[in-house]
Amino acid sequence: MYESFKVIPLSLLQNAIKYGRTGDVEIVFDERDSELTFSVVSYGDLIPEHELEKIFSRGYRTEKAKKMAVEGNGLGLYALKVVAEAHGFGIEAKSTPHGDRTRNEAKNIFSVFIR
């Protein structure tokens, strides 16, 4: 079971590198009480709330991702979700406006909560 754990950070990093605009990726560990949060932060296109709700679904890619010259089939974040759920971990994706709002830039944070 723990062999599958490596899917989690690899999926998050691959996603941030593929879809980030700047190439900068930040990895954040935050330990509070009995929970460890592992987050990957990148700067790319703003992901609308209605798309964030589906981002971990099998085969789902955002409208913007479909238009980019980036290959993908929407399975990376889905695999992450399956593994996280098997381990009893929580997952979350946030996208907040950042930088030049006319260019729809955002700070995107994908997190896994390990309890």
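Heavy-atom basis, side chains included; hydrogens, waters and symmetry copies ignored.
- A heavy-atom distance below 4.5 Å is found between the side chains of H87 and S4.
- Counting only heavy atoms from C-beta outward, the side chains of E26 and V40 never approach each other to under 4.5 Å.
- Between S39 and D30, every side-chain heavy-atom pair lies at or beyond the 4.5 Å cut-off.
- Using a 4.5 Å cut-off between side-chain heavy atoms of Ile, Leu, Val, Met, Phe, Trp and Tyr, with links allowed through other members, I55 and Y78 fall into different hydrophobic clusters.
- Between R115 and F89, the closest heavy-atom pair is NH1-C, 4.0 Å.
- When all heavy atoms are compared, the tightest approach of A106 to L46 is CB-CA, 3.3 Å.
- Using a 4.5 Å cut-off on side-chain heavy atoms (C-beta onward), F5 and I114 make contact.
- Placement of L12 and L10 in two distinct hydrophobic clusters is found when ILVMFWY residues are connected by side-chain heavy-atom separations under 4.5 Å, directly or transitively.
- When side chains are defined from C-beta on, L13 counts as touching I27, because their heavy atoms get closer than 4.5 Å.
- Cluster annotation: L36 is not connected to F113 through the hydrophobic network of ILVMFWY side chains, with a link wherever side-chain heavy atoms come within less than 4.5 Å.
- Within a 6.0 Å radius of NZ in K64, no more than 12 heavy atoms belonging to other residues, nucleotides or ligands are found.
- I47 and I17 fall within a single hydrophobic cluster, where Ile, Leu, Val, Met, Phe, Trp and Tyr side chains are chained together by heavy-atom contacts under 4.5 Å.
- A pairwise comparison of heavy atoms in S111 and T37 identifies CB-CG2, 4.1 Å as the closest pair.
- The closest donor-acceptor contact from the side chain of N108 to the backbone of A16 lies at 3.5 Å or more, if one exists at all.
- Evaluation of the salt bridge (charged side-chain N to carboxylate O under 4.0 Å, His left out) test over residues 104-113, restricted to residues two or more places apart or in two chains, returns R21-E105, R103-E105.
- Minimum interatomic distance between E51 and T62 (heavy atoms only, all atoms of both residues): OE2-CA, 3.3 Å.
- Taken from NZ in K54 to CZ in R61, the straight-line distance is 15.0 Å, to the nearest 0.5 Å.
- Annotation for D45 and S95: closest pair O-OG, 4.1 Å, computed over non-hydrogen atoms.
- Side-chain rings of F29 and F38 approach one another, their centers coming within less than 6.0 Å.
- Salt-bridge annotation for K66 and E63: present, with a side-chain N of the basic residue lying under 4.0 Å from a carboxylate O of the acidic one.
- Applying the ring pair (Phe, Tyr, Trp, His ring centres under 6.0 Å) rule to Y43 yields the partners H98; only residues at least two apart in sequence or on another chain are considered.
- F56 is listed as a side-chain neighbour of L80, based on a closest heavy-atom distance under 4.5 Å.
- In the hydrophobic clustering of this structure, I8 does not group with Y60; members are Ile, Leu, Val, Met, Phe, Trp, Tyr whose side-chain heavy atoms approach within less than 4.5 Å, directly or through other members.
- Rounding to the nearest 0.5 Å places NZ of K81 at 12.5 Å from CG of L75.
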